[in-house]
Amino acid sequence: MASPIERAQYNSKSLFSLANFKKDFPASIVVFLVALPLCLGIALASGAPLFAGLLTGIIGGVVVASVSGSQLSVSGPAAGLTVIVFGAITKLGTYETFLLAILLAGLMQIALGVLKAGTIASYFPSSVIEGMLAAIGIILILKQIPHAVGYDADFEGDESFKGPDNNNTFSVITAALSRLSYGAVIISTLSLAILIYWPKVKKLASVPAPLIVVVLGIVLNYAFSGTQFEIKAEHLVKIPVVQSFNEFVGLFRSPDFSKITSPDVWTVAGTLAIVASLETLLSVEAVDKIDPYKRVSPTNRELLAQGIGNVTSGLLGGLPMTAVIVRSSANVNSGAKTKMSAIMHGAWLLLSLLLIPGLLNSIPLSCLAAILLMTGYKLAKLDLFKKMWKEGKTQFIPFVVTVLAVVFTDLLKGVAIGMLIGVFYILRNNLRNPYFYTISTNGNKKVIQIKLAEEVSFLNKAAIQYTLNHLPSGVDVVIDGTNSRYIDLDVLEIIHNFRHNAFSRGIIVQLVNIKHKYDVPQLKDLIFKPDSLKDHV
């Protein structure tokens, strides 16, 4: 985490300062190297043209990052949408019709941003966000093991436990370990060693270790050619090779506006808008947690940026996009300071497509897997589990449940399960703490003072009723509402009924500062006020 002095120094610098550029430039290279195979793999898994995956990554970098208020999140094609995209393309019949759905989804996201729907991100429990991050780290490690040993049947970037061919994460790993490619193992092992030890040498640390890893991978790929360690073509990056400008222009596709009245198009658009927005908000919230400068991203502006990105992607022939935690985590862990890193990574994707597709196609997936393995390790360190354990079961249980649910299902389902557990503990704690209970004596008689909380809702009804019904007979009871701004009508009824009937048990009840009726608090102020401040951060 950055020190207060470092944060002050950062805040005094412009986005384009040389000091920031020295950090953003190498980070952009790392994010580019991570994003390249992911863009291609997600396009392949979605049943879309490979170019569409790269185009989405370019737009996510150059367009979305430019508009976004988040300094470290990186956008691009999302693995969490692959099943939806694959089914939608099949359902709508043509890719051009699907592009129309993406465009409409982008417009819906813009509308959500204008309506300040991004506020929902403020209500994700921190234990669930921490669990999501740790789960992503574990998934990265599990999913990259096959690539690290030279077995690439499982498609890149898939975050789901169960694949489209009914294999799961563990069955793919088992198959991979039985079909080792020794050349790939050598490359991934040396790459991991460089990633671990290179930054520890001060004289070498100025050159980013992932860049050395990629150079090493290319050199060894050529060195192993024709030997028993040869890296097969399916274990290398596959990027479309463009021979001319006309061929490049021909890769773009346009939406079919004639299908604008189709109910299926609008259904797909709505689904994409909701799922992509939720995944974006989760990712941005998670990235803010690991930002060493602890900046807060304006979530409504992020929805606008994502909407503009998806409209652009739909118009040009790309895939739907979200803010993506894998690439964003790699960005943070590589030392990026500003969104220039994300913007530059989009530029590198474009330049690589135009200028050096042949060289990029020489990069072994095993060396890229090593970069992602290190990213996964940093997200799922054992220290994080120890920290959550020390914070108590109300934090640890939702955290662990989220981790397991995300690993064994997928990102959105896992987070939804974690949210349910997190909300359960929030409500449970709320139910247990509607008042403060003290016992004193007045002569020979016990005096029980019940001081009500600031907000006493109908959720507290059962706890208060249970407490009052189980008070011992013959005591004095003082129910104090001095600190209460709001007491629900149902709770007031219980209190007054208890006071009316208490004499039959020899209980004398005194009510202090309890009104007969309280005005309902204006929740809209509580909902919109925090986000209006965030948008100015």
Side-chain angles (χ1 to χ4, degrees), residues 35 38-68 73-114 117 157 159 249-281 283 302-324 327 346 349-350 411-412:
L38 294 180
C39 289
L40 295 170
I42 291 168
L44 182 65
S46 301
L50 291 181
F51 174 73
L54 284 175
L55 177 61
T56 310
I58 294 167
I59 295 170
V62 177
V63 177
V64 175
S66 298
V67 180
S68 171
S73 68
V74 182
S75 298
L81 296 177
T82 51
V83 175
I84 296 174
V85 172
F86 188 87
I89 294 174
T90 304
K91 181 178 181 179
L92 298 178
T94 66
Y95 189 68
E96 286 73 15
T97 305
F98 176 65
L99 292 177
L100 177 62
I102 297 175
L103 188 153
L104 294 173
L107 293 174
M108 292 177 187
Q109 285 184 297
I110 292 173
L112 289 173
V114 171
E159 294 166 1
V249 173
L251 294 173
F252 292 91
R253 311 275 279 272
S254 299
D256 183 2
F257 288 99
S258 67
K259 304 293 185 181
I260 190 71
T261 58
S262 170
D264 288 342
V265 169
W266 286 93
T267 301
V268 170
T271 303
L272 289 174
I274 293 170
V275 176
S277 297
L278 286 174
E279 189 160 339
T280 289
L281 293 175
S283 296
E302 187 63 31
L303 288 179
L304 284 170
Q306 294 294 327
I308 292 170
N310 277 316
V311 167
T312 307
S313 188
L315 286 171
L316 297 179
L319 293 169
M321 71 182 69
T322 71
V324 191
R327 274 154 271 187
L349 286 172
L350 176 60
L411 183 64
L412 288 176

Using side chain to side chain contact (heavy atoms under 4.5 Å, CB included), reason through Leu304 and Val114 one step at a time and then give a plain yes or no. CA-CA 7 Å; Leu304 284 170; Val114 171; 4.0 Å; yes
Euclidean distance, Ser254 OG relative to Leu100 CG, rounded to 0.5 Å: 11.5 Å
Looking only at side-chain N and O atoms, does Ser75 offer a donor or acceptor that is under 3.5 Å from a partner on Gln306? yes
Using atom types as modelled and distance alone, determine if a side-chain donor or acceptor of Asn310 lies under 3.5 Å from a backbone N or O of Met321. yes
side-chain hydrogen bond (donor to acceptor under 3.5 Å, both in side chains) partners of Ser283, counting only residues at least two apart: none
Supply the atom-to-atom distance Ile274 CD1 to Glu279 CD, rounded to the nearest 0.5 angstrom. 14.0 Å
Quick check for you: to the nearest 0.5 Å, what is the distance between Thr322 atom OG1 and Glu302 atom CD? 9.5 Å
Closest non-hydrogen atom pair, Leu281 against Ala117: CD1-O, 4.5 Å
Which heavy atom in Tyr95 sits nearest to a heavy atom in Ala48, and how many Å separate them? CE1-CB, 3.8 Å
Between Ala43 and Leu319 the two heavy atoms that sit nearest each other are CA-CD1, 3.8 Å
Looking at every heavy atom in both Ala101 and Ala269, which two are closest together, and how far apart are they? O-CB, 3.4 Å
Residue pair Ile308 / Ile110, side-chain heavy-atom distance below 4.5 Å: yes
Approximate separation, where rounding is to 0.5 Å, of Ile59 CD1 and Ser313 OG: 4.5 Å
Report yes or no: does Thr56 contribute a side-chain atom to a donor-acceptor pair with the main-chain N or O of Gly76 at less than 3.5 Å? no
Summary of side-chain hydrogen bond (donor to acceptor under 3.5 Å, both in side chains) pairs that have at least one residue in residues 258-271, sequence neighbours excluded: Asp256-Ser258
Do Leu104 and Ile260 make a side-chain contact, defined as non-hydrogen atoms from C-beta onward lying under 4.5 Å apart? yes
Shortest non-hydrogen pair, Met108 vs Gly270, comes out as SD-CA, 3.7 Å
Partner residues of Ile58 under the side chain to side chain contact (heavy atoms under 4.5 Å, CB included) criterion, sequence neighbours left out: Val62, Leu349, Leu350
Using 0.5 Å steps for rounding, measure from the CG atom of Leu92 to the CZ atom of Phe98. 7.5 Å
CZ (Phe86) and CD1 (Ile42) are apart, to the nearest 0.5 Å, by 15.0 Å
Side-chain contact test, heavy atoms from C-beta onward, threshold under 4.5 Å: evaluate it for Leu251 versus Pro49 and give yes or no. no
Of all heavy-atom pairs between Pro77 and Gly57, which one has the smallest distance, and what is that distance? CD-N, 3.8 Å
